[in-house]
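Reading through the structure tokens given below for one structure.
Note that the structure is predicted; figures quoted are calculated from it, not measured. Throughout, protein chains are lettered first and strands after them, A, B, ... in sequence-line order, and every chain is numbered starting at 1.
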Amino acid sequence: MLDPKLLRTDLYEVATQLLRRGFKLDTREFHSLEEQRKELQILTQQLQNERNTQSKGIGRAKSAGEDIKPLLDAVANIGDKLKTAQDKLGLIQQQLRRMLLDVPNLPHQSVPQGESEAQNREERLWGELPQFDFEAADHVDLGTAKGWADFDTAAKISGSRFVVLNGPLARMQRALIQFMLDVHTQQHGYVETYVPFLVNSSSLYGTGQLPKFEEDLFKVDSEPPLYLIPTAEVPLTNILRDEIIDDQDMPRRFVAHTPCFRSEAGSYGQDTRGMIRQHQFEKIEMVQAVRPAESEDVLEQLTAHAEVILQQLGLPYRVVTLCTGDLGFSASKTYDLEVWLPGQGKYREISSCSNFGDFQARRLQARWRNPESGKPELLHTVNGSGLAVGRTLVAVMENYQDKDGNIHIPEVLQPYMGGAEQL
RNA sequence: GGAGAAGUGGCCGAGCGGCUGAAGGCGCUCCCCUGCUAAGGGAGUAUGGGGUUAAUAGCUCCAUCGAGGGUUCGAAUCCCUCCUUCUCCGCCA
């Protein structure tokens with residue numbers, strides 16, 4: 001959520017910046033609601049003040065043994081007036097809140113202008129593209145040929161966009177998870193965290209999935225309703241909700257492996273083949289809560305943490321800065337890591353690292369105590385995948401294949417696979 | 001799932017219709033004393049919001065004692081619903 005004060009003082013500047021990412025803020029509507037809010041809030045508080053003062057007088061008079069009847073008559077109609085004022089105010093505030101919850105974050109000034117991923121800016125390339133003296137197969141053919149990946153059985157059990165992994169490939173997925181967690185905990189200073197996979201709606205409001213993107217989520221029909229997490233970002237970031245963190249405990253760094261569940265509404269026809277876009281996939285997520293002055297640097301560091309995984313696995317990739325039009329709702333700046341997939345002959349997203357500034361923190365009321373002011377202030381959140389495990393599995397299969405359809409195991413993964421060199 | 005108890009400031013804990021935004025303690029910050037590893041004295045110490053303002057400075061008002069409703073001139077205190085925690089029973093990986 002954006003700072004309501006900023007919208008009040010600098011409405012047109014905010015609207016201009018939002019336009020950069022293609023969001024049209026209804027400044028007229030906001031202005032009108034804000035005027036009404038101000039008027040009603042002043043009135044409400046005046047009435048409350050009057051009632052409080054009168055009631056205190058009644059208390060004093062009563063204990064002094066005086067006749068309170070005339071005092072009671074004097075307050076008689078305050079109650080009704082107050083009630084109607086409060087009701088109206090509540091309504092306006094609700095509308096304002098609804099409106100603010102639908103407004104995306106402001107793009108950082110370094111974010112390139114653009115409408116779609118075509119305008120994303122390539123920052124750097126890493127690694128040599130593998131050369132094959134045969135036609136590179138894609139992961140579906142590689143996986144099904146050996147019976148390691150079974151999409152038909154998954155469809156029988158659950159439906160489309162699921163997979164059953166067998167034997168060595170299932171094991172390699174587990175190896176990747178172990179490897180990534182070990183790197184982030186041992187080399188990058190993250191605390192390994194195990195979190196709930198079902199979360200309440202407050203948590204999803206906190207990180208920005210609700211109220212706008214409910215159709216992307218799987219909802220469990222319980223009382224109260226729960227949602228399957230679309231990413232570990234939700235439970236990890238909500239650890240901070242309604243907390244005030246001491247300066248000495250900053251920054252907080254969490255890493256978790258969880259399954260992620262996405263309904264993929266609106267993506268019909270896209271990536272229907274294979275494991276690229278599934279309803280359920282494994283992901284390693286890094287989340288940091290940092291001092292506001294540090295978040296820009298931390299985004300660079302966290303992105304590098306994700307890159308280390310790709311580098312150690314020997315997977316060629318590139319880093320792009322998302323343009324304003326491709327930026328996620330809550331993010332102010334995002335780097336995507338795109339891994340090379342020989343089977344598709346292109347780079348595909350495998351990690352997304354974002355700085356959210358105080359956007360999530362405001363919704364979450366996640367704060368730290370600034371030692372300079374001694375006051376609680378909104379902290380900044382930065383997160384990124386490190387990495388999407390399913391897609392990493394795909395990338396290893398396609399980059400490490402040979403002409404016989406065998407998959408060679410990257411060296412760093414071999415200790416996690418009993419020393420084996422190929423699947 | 002059944003029965004009972006409880007949820008108060010960073011923490012512990014009193015209050016159980018008005019003088020309580022909240023006693024007391026712990027912790028923390030600052031000052032003084034003392035001097036050698038620990039103690040004594042004093043002061044301060046919740047959060048959010050509104051108005052005013054150049055101001056995230058002052059001043060002022062409002063709200064908040066798990067959450068939401070209600071009763072009342074007035075609610076941390078009374079009533080209702082929900083949530084969470086604890087104890088016992090049942091069930092269970």
Side-chain angles (χ1 to χ4, degrees), chain A residues 1-10 13 30-31 33-97 99-101 194 196-206 220 222-227 235 238-250 252 291-293 357-358 361-380:
Chain A
M1 194 156 73
L2 296 178
D3 186 354
K5 280 184 195 148
L6 184 66
L7 274 104
R8 276 179 219 145
T9 54
D10 234 348
E13 174 57 25
F30 179 83
H31 194 73
L33 284 171
E34 183 50 29
E35 295 262 277
Q36 294 177 65
R37 190 229 96 227
K38 186 166 172 175
E39 193 182 314
L40 284 165
Q41 186 159 359
I42 292 173
L43 175 65
T44 302
Q45 293 190 356
Q46 273 174 353
L47 288 167
Q48 283 171 326
N49 183 222
E50 198 178 326
R51 182 204 60 195
N52 290 348
T53 316
Q54 299 271 31
S55 291
K56 274 191 182 144
I58 292 173
R60 269 195 298 273
K62 206 175 170 186
S63 61
E66 293 166 18
D67 180 19
I68 58 167
K69 191 77 173 51
L71 291 170
L72 284 176
D73 292 342
V75 260
N77 57 353
I78 294 182
D80 288 342
K81 279 199 270 184
L82 182 58
K83 180 110 180 67
T84 52
Q86 272 175 327
D87 288 350
K88 276 193 212 163
L89 177 64
L91 218 64
I92 295 292
Q93 279 177 325
Q94 209 179 324
Q95 287 179 52
L96 266 171
R97 190 179 145 72
M99 192 174 176
L100 280 174
L101 282 174
Y194 174 80
F197 304 159
L198 287 162
V199 296
N200 57 33
S201 60
S202 301
S203 294
L204 289 156
Y205 273 95
V220 176
S222 57
E223 189 45 49
L226 294 170
Y227 297 82
N238 273 278
I239 290 171
L240 309 161
R241 173 148 55 95
D242 297 322
E243 299 290 335
I244 301 169
I245 299 170
D246 285 339
D247 183 60
Q248 62 201 16
D249 296 328
M250 294 285 278
R252 301 290 303 273
R291 300 176 187 94
D358 62 12
R362 184 169 293 105
R363 290 174 168 230
L364 292 158
Q365 283 305 302
R367 292 168 294 173
W368 70 301
R369 199 171 288 279
N370 185 341
E372 282 176 33
S373 63
K375 296 278 178 201
E377 295 173 10
L378 293 174
L379 48 77
H380 282 196

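Nucleotide B/G10 holds its P atom 15 Å from the CG atom of A/D249, rounded to whole Å. Going from atom CG of A/D3 over to atom P of B/U56 covers 11 Å, rounded to whole Å. Put simply, CD on A/E243 is 15 Å from C1' on B/A46, counting in whole angstrom units.
Remark: A/E13 CD is packed, more than 12 non-hydrogen atoms of other residues, nucleotides or ligands lying under 6.0 Å away. More than 12 heavy-atom neighbours from other residues, nucleotides or ligands sit within 6.0 angstrom of CZ on A/R8.
Mapped onto RNA chain B by nearest heavy atom, A/R369 and A/Q41 fall at different nucleotides, with A/R369 at the one closer to the 5' end.
Counting only heavy atoms from C-beta on, A/Q45 has its side chain closest to B/C61 among B/U52, B/G48, B/C61. Closest approach to the A/Q48 side chain among B/A63, B/G48, B/U52 is made by B/A63 (side chain taken as heavy atoms from C-beta onward).
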Original post:
Base, backbone or nothing for each nucleotide of nucleotides 64-79 of chain B, written B, S, -, heavy atoms under 4.0 angstrom, 5' to 3'?
Top reply: ---------BS-----

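Side chains of A/D242 and A/Q365: no donor on one and acceptor on the other come within 3.5 Å.
When the side-chain contact (heavy atoms from CB on, under 4.5 Å) test is applied to A/D80, no partner is found at least two apart in sequence or on another chain.
A close approach under 4.0 Å does not occur between any side-chain nitrogen or oxygen of A/N49 and OP1 or OP2 of B/C61. The shortest distance between the side-chain N/O atoms of A/R362 and the OP1/OP2 oxygens of B/G48 is not below 4.0 Å.
With A/N238 contributing its side chain and A/S203 its backbone, the two residues share a donor-acceptor pair below 3.5 Å.
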Subject >> Under the 3.5 Å Watson-Crick or G-U criterion, the dot-bracket string of RNA chain B, with | for inter-strand pairs >> reply: ((((((((.[[[..)..(.....]]]((((((.......))))))(((((((.....))))))).[[[[[..)....]]]]])))))))....

Subject >> Worked verdict on A/R291 versus A/H380 for side-chain contact (heavy atoms from CB on, under 4.5 Å) >> reply: CA-CA 6 Å; A/R291 300 176 187 94; A/H380 282 196; over 6 Å; no

Original post:
Run the side-chain hydrogen bond (donor to acceptor under 3.5 Å, both in side chains) check on A/S55 and A/N52 step by step: do they pass?
Top reply: CA-CA 5 Å; A/S55 291; A/N52 290 348; 5.8 Å; no

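A/P376 comes within 4.0 angstrom of the backbone, heavy atoms only, and of no base.
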